[in-house]
There are 2 protein chains.
Amino acid sequence: MQQKKVEQLLKQHDIKPSYHRIKILSYLLEKKNHPTADMIYQELVKEIPTLSKTTVYNTLNLFVEKNVAIIITIDENETRYDADISLHGHFKCSSCGKIYDIRLNTAGIIPDELEKFQIDESHIYFKGTCPLCLKKALS
Amino acid sequence: MQQKKVEQLLKQHDIKPSYHRIKILSYLLEKKNHPTADMIYQELVKEIPTLSKTTVYNTLNLFVEKNVAIIITIDENETRYDADISLHGHFKCSSCGKIYDIRLNTAGIIPDELEKFQIDESHIYFKGTCPLCLKKALS
DNA sequence: TAATCAAATTTTAATGATTACAAATTTAAA
DNA sequence: TTTAAATTTGTAATCATTAAAATTTGATTA
């Protein structure tokens, strides 16, 4: 996605598109790797040597608050971020650590039991071993 | 559940039923409140003044390893535990903090996309406001 | 009963992610 | 150009969890 589009996306969500914010959102949108704050920091600090980790945290918190990104908690003590805010699932491979996006048949996903509940977020994820790692385990 | 049953449950899972382990598992089974390690510690230390928090952590880790309990991660930095190891969902109320168990229609819950994946764990949870808090908000 | 040994528990200290806070810098408006 | 507000930075603090070593417990055997 071009920088222009990223700026627009930020503006649409009421966020002033500063240099760092554009960089961080671009990272999320391009890599689609559900990174931790630290992964983002480690990558961007190469380009922006003055970058502070606090800025990464501040920015991510702002993104979540303004609905530009969502938090994914699959493993304890490992907060990850995703700029795909649509309802979708995840699969984390315990072997290689990769997190896959899973398209869900969202019809009938909300249990009747929750009829009287106000649902703000839905999360579905799986853990196990991905096909690539299963294959490797055989050889 | 009587102590005898709890002891049996531990033995069935290859865990020597020590006093502390029985207490901690009983807590999980009776309260069904998806507690954090600290919640368990704060409650049990009243009865067992010498109890150490490390013991609670050690025990919970053992339970997870031996499949007596599962970890529930809904909010970041808040690891919770559940002795109900069956496939079921959760709802956490952002207002009162309570975590509800949700029975799921498990049929067709696994997406076709994961056919070639080996799935070890499935997690489904929702966040929002529970009926009780919705009602309170009106008055 | 006493001695022995492994398992369980405790204590203390370390780690690592995240946040708090104040200072410095940048941006944008007047 | 000046000034206020927003953003970013740096440092220190916090909190959950784990690591490592010491101690206790409890079962087993001599």
Side-chain angles (χ1 to χ4, degrees), chain A residues 3 6-7 10-11 13-27 34-66 68-82 97 99, chain B residues 3 6-7 10-11 13-27 34-66 68-82 97 99:
Chain A
Q3 179 150 329
V6 178
E7 283 190 42
L10 285 169
K11 279 182 195 158
H13 289 260
D14 238 1
I15 298 175
K16 209 175 286 180
S18 76
Y19 178 68
H20 291 152
R21 289 168 178 172
I22 292 168
K23 280 293 184 184
I24 292 174
L25 183 51
S26 296
Y27 178 100
H34 318 85
T36 62
D38 193 61
M39 285 165 69
I40 299 172
Y41 172 76
Q42 295 302 339
E43 186 68 23
L44 293 186
V45 78
K46 293 177 192 166
E47 260 189 275
I48 317 165
T50 66
L51 182 65
S52 144
K53 202 181 274 190
T54 304
T55 299
V56 177
Y57 277 107
N58 286 343
T59 304
L60 290 170
N61 286 341
L62 183 67
F63 285 180
V64 170
E65 188 190 321
K66 298 288 192 185
V68 175
I70 56 172
I71 289 179
I72 303 172
T73 43
I74 294 183
D75 281 320
E76 325 82 72
N77 310 324
E78 198 184 71
T79 306
R80 290 168 173 274
Y81 297 86
D82 192 347
I99 295 178
Chain B
Q3 178 149 329
V6 178
E7 282 190 42
L10 286 169
K11 280 182 195 160
H13 288 260
D14 238 1
I15 298 175
K16 207 176 285 179
S18 75
Y19 179 68
H20 291 152
R21 289 167 179 173
I22 292 168
K23 280 293 185 185
I24 293 174
L25 184 51
S26 296
Y27 178 99
H34 319 86
T36 61
D38 193 61
M39 286 165 69
I40 300 171
Y41 172 76
Q42 295 302 339
E43 185 68 22
L44 292 187
V45 79
K46 293 178 193 164
E47 259 188 275
I48 317 166
T50 65
L51 182 65
S52 142
K53 201 182 274 189
T54 305
T55 298
V56 177
Y57 277 108
N58 287 342
T59 303
L60 290 170
N61 285 340
L62 183 67
F63 285 179
V64 170
E65 188 190 321
K66 298 289 192 184
V68 174
I70 57 173
I71 288 178
I72 303 173
T73 43
I74 293 183
D75 281 321
E76 324 83 73
N77 310 325
E78 198 184 72
T79 305
R80 290 169 172 274
Y81 297 86
D82 192 347
I99 295 177

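Proteins get letters first, then strands, A, B, ... in listed order; numbering begins at 1 in each.
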What's the shortest heavy-atom distance between Ile24(B) and Thr55(B), and which atoms?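 Heavy atoms only, the tightest pair is CD1-O, 4.5 Å.
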
Which listed nucleotide ([options]) is nearest to the side chain of [X]?
{"X": "Thr55(A)", "options": "dT9(D), dA8(C), dT17(D)", "result": "dT9(D)"}
{"X": "Thr79(A)", "options": "dT8(D), dT9(C), dT18(C)", "result": "dT18(C)"}
{"X": "Tyr57(B)", "options": "dT17(D), dT9(C), dT7(D)", "result": "dT17(D)"}

Quick check on dT9(D): is either OP1 or OP2 less than 4.0 Å from any side-chain nitrogen or oxygen of His20(A)?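 For His20(A), the contact criterion (side-chain N or O under 4.0 Å from OP1 or OP2 of dT9(D)) is met.
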
Rounded distance (Å) that lies between atom [atom2] of [N] and atom [atom1] of [X]:
{"X": "Asn58(A)", "N": "dA23(C)", "atom1": "CG", "atom2": "P", "value": "17 Å"}
{"X": "Leu62(A)", "N": "dT18(C)", "atom1": "CG", "atom2": "P", "value": "17 Å"}
{"X": "Lys23(A)", "N": "dT7(D)", "atom1": "NZ", "atom2": "P", "value": "19 Å"}
{"X": "Asp75(A)", "N": "dG16(C)", "atom1": "CG", "atom2": "P", "value": "17 Å"}
{"X": "Tyr19(B)", "N": "dT25(D)", "atom1": "OH", "atom2": "P", "value": "13 Å"}
{"X": "Met39(B)", "N": "dC15(D)", "atom1": "CE", "atom2": "C1'", "value": "17 Å"}
{"X": "Ile24(A)", "N": "dT7(D)", "atom1": "CD1", "atom2": "P", "value": "13 Å"}

Between [X] and [Y], is any pair of side-chain heavy atoms under 4.5 Å apart?
{"X": "Leu62(A)", "Y": "Arg21(A)", "result": "yes"}
{"X": "Ile70(A)", "Y": "Tyr81(A)", "result": "no"}
{"X": "Leu44(A)", "Y": "Val56(A)", "result": "no"}

Check DNA chain C against residues 41-54 of chain B and give the residues with a non-hydrogen atom under 4.0 Å, in numerical order.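 Thr50(B), Leu51(B), Ser52(B), Thr54(B), in order of number.
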
Answer with base, sugar-phosphate or nothing: what part of the nucleic acid does Asn61(A) contact at a heavy-atom distance below 4.0 Å?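 Sugar-phosphate, backbone atoms only, no base.
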
Thr73(A) side chain vs Thr79(A) backbone, donor-acceptor pair below 3.5 Å: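 The answer is no, because no donor-acceptor pair under 3.5 Å joins these two groups.
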
Look only at the side chain of His13(B) and the backbone of Lys66(B), and say whether a donor-acceptor pair between them is shorter than 3.5 Å.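 Indeed, once roles are kept as given, a pair shorter than 3.5 Å links the two residues.
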
